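Comments concern the structure below.
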Amino acid sequence: MNPQPQNFRAPVGTHDVIGPDSAQWENLIALFAETAYRYGFELAISPLFEDVGVFNRGIGENSEVATKEMYVFEDRGGRTLALRPEGTASVVRAFVQHQPTTPWKAWYVTPAFRYERPQAGRYRQHHQIGVEVLGTDDPAVDVEVITMAWRFFAALGLTRYRLLINSMGHDECRGAYVKLLRDFLGAHASELCEDHQKVWSENPLRVLDCKKPACIDVTTGGPMLPDHICDDCRTHFSAVLGSLHDLGVEATLNPRLVRGFDYYTRTTFEFVADALDGAQNAIGGGGRYDKLAEQLGGKPTSGIGFGCGIERLLLTRAAESDRPLELLNRTLDCFVVDTTGVDSATVLLDELRSAGIAADRAYDNRSMKSQMKAADRSGARFAVLLGPQELAAGEVTIRDLRSEDFAQSQQTAPRNDVVTTISNLLTK
RNA sequence: GUGGGCGUAGCUCAGUUGGUUAGAGCGCCAGGUUGUGGUCCUGGAGGUCGCGGGUUCGACCCCCGUCGCUCACCCCA
């Protein structure tokens with residue numbers, strides 16, 4: 001009659017983020033929000049799920065993510081929906097739907113879902129922060145977006161990261177290049193690695209990204225993207241590279257850089273962290289997607305953006321430094337120790353908190369010693385002692401918990417002046 | 001989807017060739033004479049040894065299965 005409760009746990013590849021780790025997340029997201037506003041971005045929140053077509057059209061129906069990693073499901077109304085595997089497609093869908101005035105600059109923070117086997121730095125639900133700019137193909141925007149990410153990493157305290165960059169060309173010159181590459185690969189198909197001998201034709205660009213020696217050998221002698229993009233794209237790319245150089249943002253040209261989503265055109269980039277060993281060292285990436293809005297049914301609109309994985313950024317940060325991020329002040333101002341037995345703390349705390357003072361307390365009428373321990377553990381700056389004596393005298397005792405000197409670390413204050421006294425002590 | 005390693009208290013881990021009531025440290029709770037934390041001392045709570053089956057007189061230990069964690073391949077953040 002009383003069934004054994006099941007031991008539920010977070011699904012495979014997902015994680016609960018609780019303290020003290022959640023403080024790192026809070027810091028990182030707050031810093032990103034701050035950075036985004038400084039660059040003129042507004043926050044965009046879009047649904048976690050979309051019509052599956054948004055992602056199929058966006059990231060490409062043949063892409064690895066779309067074919068075998070998406071969480072696709074049918075809702076009760078028979079609609080075929082998918083959990084977002086990345087941020088860009090939804091934001092661009094929102095742009096197409098609402099047609100905000102351009103340039104539209106939006107930032108986001110969102111979970112992303114991909115059905116893969118989890119491993120270090122790879123999860124079925126991970127979280128991304130990113131930005132998108134729609135409505136201009138000015139190379140200055142490419143530079144701004146890349147630079148923002150670059151500066152953000154530095155503000156996070158990262159030091160060992162690199163920017164890899166490439167130009168994919170626009171649809172026409174890229175198409176011509178793919179044809180060229182396909183012909184080339186066709187002539188050398190038997191020399192490719194085992195896997196690509198079979199599938200090189202479906203997406204020739206992927207072969208460029210293959211890490212197997214066989215494929216590298218073949219493609220090294222073959223045509224590379226930057227040499228075959230049209231004059232306009234070349235000019236655009238040069239402008240981007242030039243400005244990045246002027247700003248001191250160190251970009252490494254990587255002609256093999258081909259990202260996993262099909263929507264990219266022209267400027268394409270990736271950030272890798274050297275502190276992360278193994279295959280999961282990409283902490284962020286992005287690029288231009290000048291055809292995406294159109295593919296999602298909108299007017300032709302240029303766009304560019306980047307996304308970064310929060311988990312990987314924090315892993316990188318932890319690998320580079322022992323010190324946690326402490327950009328936000330999240331220490332308690334005071335801890336109320338109430339031994340009156342009549343719960344005087346409730347009213348006192350309401351006064352303190354209403355005045356903007358961060359305050360907490362113990363519950364359950366615990367002993368003074370126990371409450372003092374709790375005060376110490378809480379990290380609060382001051383303990384506000386309120387016992388029978390203080391209650392009778394109409395005052396409180398304020399104790400500086402950082403001081404070791406008993407005599408000088410305590411003072412009394414009239415009960416009515418608690419807020420102002422604490423405020424004054426805090427500004428010292 | 002394929003393969004390797006690992007599942008013992010909240011956490012980090014011991015547990016001798018299979019042998020009685022499964023241990024430690026940290027953390028948590030309570031005390032150390034009646035109002036003071038961070039050190040110290042004492043005590044306490046907390047575990048169906050991931051789960052299911054098998055071998056055995058006897059299983060945390062051996063075997064099989066399963067689930068989970070983890071790492072790698074693939075791909076990506």
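Treat the numbers as computed from the prediction; the structure is a model and nothing was measured. Here is how names work: the chains are called A, B, and so on, in the same order as the sequence lines, proteins then strands, and each is numbered from 1. Values reported hereafter were calculated over all heavy atoms of this structure, with side chains retained and with hydrogens, waters and symmetry mates removed.
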Check whether any side-chain nitrogen or oxygen of A:Arg377 sits under 4.0 Å from OP1 or OP2 of B:rC28, and answer yes or no.
->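 Answer yes for this pair, as a side-chain N or O of A:Arg377 is under 4.0 Å from OP1 or OP2.
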Just to be sure I understand the rule, does [X] reach a base, reach only the sugar-phosphate, or reach nothing, if contact means heavy atoms closer than 4.0 Å?
X: A:Val337; answer: nothing
X: A:Glu390; answer: base
X: A:Leu401; answer: base
X: A:Asp364; answer: nothing
X: A:Leu385; answer: base
X: A:Gln119; answer: base
X: A:Ala282; answer: sugar-phosphate
X: A:Lys373; answer: sugar-phosphate

Cationic N near anionic O, under 4.0 Å, A:Arg381 to A:Asp400 |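 So A:Arg381 pairs with A:Asp400 through a salt bridge.
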Charged N-O contact under 4.0 Å between A:Arg415 and A:Glu351 |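 Yes, this pair counts.
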Of the listed nucleotides B:rA30, B:rA77, B:rC75, the one nearest the side chain of A:Ser370 |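 Selected nucleotide: B:rA30.
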Counting heavy atoms from C-beta on, name the nucleotide in B:rC74, B:rA77, B:rG38 closest to the side chain of A:Arg259.
->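 When the side chain of A:Arg259 is considered, B:rA77 is the closest of B:rC74, B:rA77, B:rG38.
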When the [atom1] atoms of [M] and [N] are compared, how many Å lie between them, rounded to an integer?
N: B:rC69; M: B:rU33; atom1: P; result: 49 Å
N: B:rC6; M: B:rU48; atom1: P; result: 24 Å
N: B:rG50; M: B:rG43; atom1: P; result: 30 Å
N: B:rU8; M: B:rG47; atom1: C1'; result: 8 Å
N: B:rG38; M: B:rA45; atom1: P; result: 23 Å

Spacing of A:Arg9 atom CZ relative to B:rG50 atom P, expressed in whole Å =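 Atom-to-atom, A:Arg9 to B:rG50, this comes out as 13 Å.
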Roughly, in whole Å, what's the span from CE in A:Met368 to C1' in B:rC29?
->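 So the CE-C1' distance, A:Met368 to B:rC29, works out to 19 Å.
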Is any side-chain heavy atom of A:Glu311 closer than 4.5 Å to a side-chain heavy atom of A:His127?
->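 In short, these two side chains touch, coming nearer than 4.5 Å.
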Can you find a pair of side-chain heavy atoms, one from A:Val52 and one from A:Tyr71, that are under 4.5 Å apart?
->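 In short, these two side chains do not touch, never coming nearer than 4.5 Å.
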Is the base of B:rA77 touched by the side chain of A:Glu116 through a donor-acceptor pair closer than 3.5 angstrom?
->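 Such a pair exists between side chain and base.
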Has the side chain of A:Gln410 got a donor or acceptor that lies under 3.5 Å from a partner of the other kind on the base of B:rU36?
->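 For A:Gln410, whose side chain was compared with the base of B:rU36, there is a donor-acceptor pair (under 3.5 Å).
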Planes under 30° and centres closer than 5.5 Å, is that true for A:His126 with the base of B:rA77?
->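 Check passed, A:His126 stacks on base of B:rA77.
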On RNA chain B, nearest-nucleotide positions of A:Gly13 versus A:Gln128: which is more 5'?
->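 Nearest nucleotide further toward 5': that of A:Gly13.
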Ignoring hydrogens and geometry, is there a side-chain-to-backbone donor-acceptor pair from A:Arg124 to A:Tyr115 under 3.5 Å?
->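 No: the side chain of A:Arg124 does not pair with the backbone of A:Tyr115.
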